[in-house]
**Student:** 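For reference, the structure I am asking about is given below.
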Amino acid sequence: MWKRRILKKKARASMKQSYWRIISVCFLIAVLTSSYPVSTTFFSLQDSNSAGYEDAVFSLPLPNSEVIEQTITYFLGDTALAGLFRGAAAHISSFAVDLFSTNLSVFFTILRTVNAFFTNRSSVPAVFSALGILVLLLYMIFVNNILQVGEKRYFLENRNYPQTSVSKIFFLYKLRCISNPAWVMVCRSFFQFLWNLTVIGGVIKHYEYILIPYILAENPKISRRDAFFLSKQLIRHHKRKFFLLDLSFLGWQILSLFTLGLLDLIFVIPYQSGCRAELYAVLRRNYVLSRSARYELLNDSYLEHVPSEDELLINKALYDDSQGPYTQISYFAPEQYPVFLFSVQPPLKAVRSMVKPDRKYDIFSYIFLFFSFSVFGWLLETLLQLMRTGTLEDQIVLFGPWIPLYGIYGVLLLLGMKPLLKQPAAVFFSCFLLYSILQYLSSFAFDMAFGFMPLDYSAFLLNINGRVYLGGSVTYALLGCAFLYYLAPRWTARFMKLGRPRRIMLSVLLCILFAADIGVSVLIHVAF
């Protein structure tokens with residue numbers, strides 16, 4: 001048996017031991033997935049009625065509430081029923097919809113697609129909209145769902161290993177074990193959607209399926225049938241208690257609304273996630289001890305049993321005999337889970353090719369990385385535009401597939417952040433500050449040169465003179481960290497394999513193309 005008071009006490013103890021790492025995990029999950037939309041309200045809150053919202057040359061995605069209102073207008077016109085819906089949306093649902101939803105939503109992307117079709121009835125937007133929905137579905141399957149499982153893994157390990165790394169949320173990518181967890185999570189979402197149509201059945205099945213991500217976090221190789229079976233068995237006779245556990249956080253969640261989700265991010269989500277991990281651990285322990293059906297599939301005993309130093313040394317010696325992927329390295333840090341004992345092991349290549357963010361870069365590497373990150377930024381902006389709006393509007397100043405601001409940002413990070421590489425928090429805030437400055441300066445320069453800003457962020461709560469959106473700077477700070485710690489070293493390692501003559505030739509060619517693109521773009525803008 002278990003009691004909420006004991007679960008909450010254990011969860012609070014875990015939070016005290018590694019509070020900032022837990023906050024970092026919840027922040028990353030909130031930004032990268034659609035799991036906690038309320039927690040990002042403080043960053044993304046906007047008022048579409050603000051002056052200048054549509055004055056910029058490039059458009060920003062409309063709030064979800066306005067998307068619904070547009071769809072109602074297109075289908076119902078100026079009828080009394082449309083007026084009723086629009087009135088409700090304006091006074092009641094507008095804030096609620098924006099609060100509990102995200103732009104990375106298949107439903108709202110479809111609505112934006114419908115609205116784009118009514119605005120422009122050509123077949124071209126329909127093609128781009130279908131592509132946008134497809135890209136968003138792939139993101140939800142292979143990023144959103146995988147990171148949710150990684151989050152559960154972090155909280156399960158953090159119970160007994162307080163030095164668990166924040167990077168644990170990416171553990172399935174490190175193991176190269178993605179397809180099976182992705183498939184199981186897709187089935188879970190699909191079945192949940194079908195049951196939601198019955199309303200009451202949706203609530204029941206929500207709790208029946210709620211432990212599936214935890215089971216996958218423990219055993220990523222488990223089959224879909226076994227994962228659903230174990231979740232059902234573990235939660236049997238405990239649905240009501242689990243519901244009451246969630247209900248006990250209702251007061252905190254209501255209070256969080258008055259802080260625009262900030263309290264949700266720094267306290268409510270970490271607290272609730274810790275309690276759920278503790279609950280899974282209790283239900284799992286009781287199930288294994290009772291030797292119930294298929295209990296052997298819950299095969300990660302080190303989530304409960306923390307091995308001693310002697311036990312680790314013995315297991316390491318035995319493991320060396322197996323010639324596994326961790327044979328060449330000594331890996332068992334204090335207060336961290338011994339990954340070389342996990343049931344699923346990464347391929348040897350993934351372990352040996354360690355990323356070195358502190359590596360040296362020559363002049364040709366900087367040139368290559370400038371263009372690589374510029375092209376990466378162009379691809380990212382294009383995909384985000386497709387996923388958020390279901391359309392593909394021209395938001396690029398240059399003709400080539402690159403956005404120089406990304407390249408400048410990346411090179412400056414490589415030049416200035418090396419002394420801070422061992423302090424991820426300092427790197428994140430430095431990335432945030434650097435991107436905000438670059439964004440402001442680029443907007444100011446564009447305004448001075450052409451008489452208008454590329455984007456007007458005046459509608460957002462967190463903006464600086466309409467030129468910088470601080471919520472966006474948070475996202476780009478995370479992107480900067482990814483570039484600094486992973487992308488730049490990986491891309492450079494591949495670039496170095498070309499040989500010096502080819503590296504020089506490629507760098508010169510890219511510079512010539514870029515200079516030509518700038519020249520043509522300036523001439524066209526001056527002429528028109």
Side-chain angles (χ1 to χ4, degrees), residues 30-31 37-70 73 86 89-91 93-105 108 111-112 115-116 119 257-262 265 377 380-382 384-385 387-391 393-397 403-406 408-409 431-480 525:
V31 172
V38 175
S39 64
T40 56
T41 302
F42 181 75
F43 298 112
S44 60
L45 189 66
Q46 56 179 306
D47 179 12
S48 60
N49 295 319
S50 295
Y53 182 77
E54 299 189 6
D55 291 343
V57 64
F58 300 142
S59 61
L60 292 167
L62 290 175
N64 290 337
S65 57
E66 282 209 18
V67 173
I68 293 177
E69 187 173 348
Q70 276 190 354
T73 301
R86 285 197 293 269
H91 299 291
S93 64
S94 177
F95 180 71
V97 168
D98 295 334
L99 188 65
F100 294 103
S101 64
T102 65
N103 285 331
L104 294 179
S105 165
F108 285 104
L111 288 188
R112 286 182 169 90
N115 295 345
T119 303
L257 298 180
F258 293 97
T259 65
L260 299 179
L262 186 60
L265 186 63
L380 182 64
E381 295 283 354
T382 302
L384 286 176
Q385 180 74 7
M387 289 191 294
R388 288 173 174 170
T389 66
T391 60
E393 298 178 5
D394 183 13
Q395 294 199 3
I396 310 302
V397 177
I403 302 179
L405 181 62
Y406 279 81
I408 296 171
Y409 177 46
C431 290
F432 174 85
L433 181 62
L434 177 61
Y435 182 82
S436 299
I437 294 173
L438 285 176
Q439 177 71 17
Y440 191 94
L441 292 177
S442 64
S443 177
F444 181 80
F446 201 98
D447 195 6
M448 293 294 292
F450 302 107
F452 53 83
M453 293 187 294
L455 285 168
D456 186 354
Y457 295 107
S458 301
F460 288 88
L461 174 66
L462 299 177
N463 80 89
I464 301 177
N465 295 336
R467 301 186 186 277
V468 179
Y469 164 43
L470 297 181
S473 297
V474 169
T475 302
Y476 286 102
L478 291 176
L479 184 61
H525 282 295

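Note that the structure is a prediction, hence the values are computed from the model and not measured. One-based numbering along the sequence shown.
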**Student:** How long is the span from the OG atom in S442 to the CD1 atom in I403, to the nearest 0.5 Å?
**Tutor:** 11.0 Å

**Student:** Should V468 and S443 count as side-chain neighbours, where that means a heavy-atom distance under 4.5 Å?
**Tutor:** no

**Student:** Looking only at non-hydrogen atoms, find the nearest pair between S436 and L470 and report the distance.
**Tutor:** OG-CD2, 4.0 Å

**Student:** Out of curiosity, L265 CG to T259 OG1, how far, rounded to the nearest 0.5 Å?
**Tutor:** 9.5 Å

**Student:** What are the two closest non-hydrogen atoms of R467 and Q439, and how far apart are they?
**Tutor:** O-CG, 3.5 Å

**Student:** Where do N465 and Y440 come nearest, in terms of heavy atoms and distance?
**Tutor:** ND2-OH, 3.0 Å

**Student:** To the nearest 0.5 Å, how far apart are OH in Y476 and OH in Y435?
**Tutor:** 4.5 Å

**Student:** Which pair of heavy atoms, one from Y409 and one from G480, lies closest together, and at what distance?
**Tutor:** OH-CA, 3.6 Å

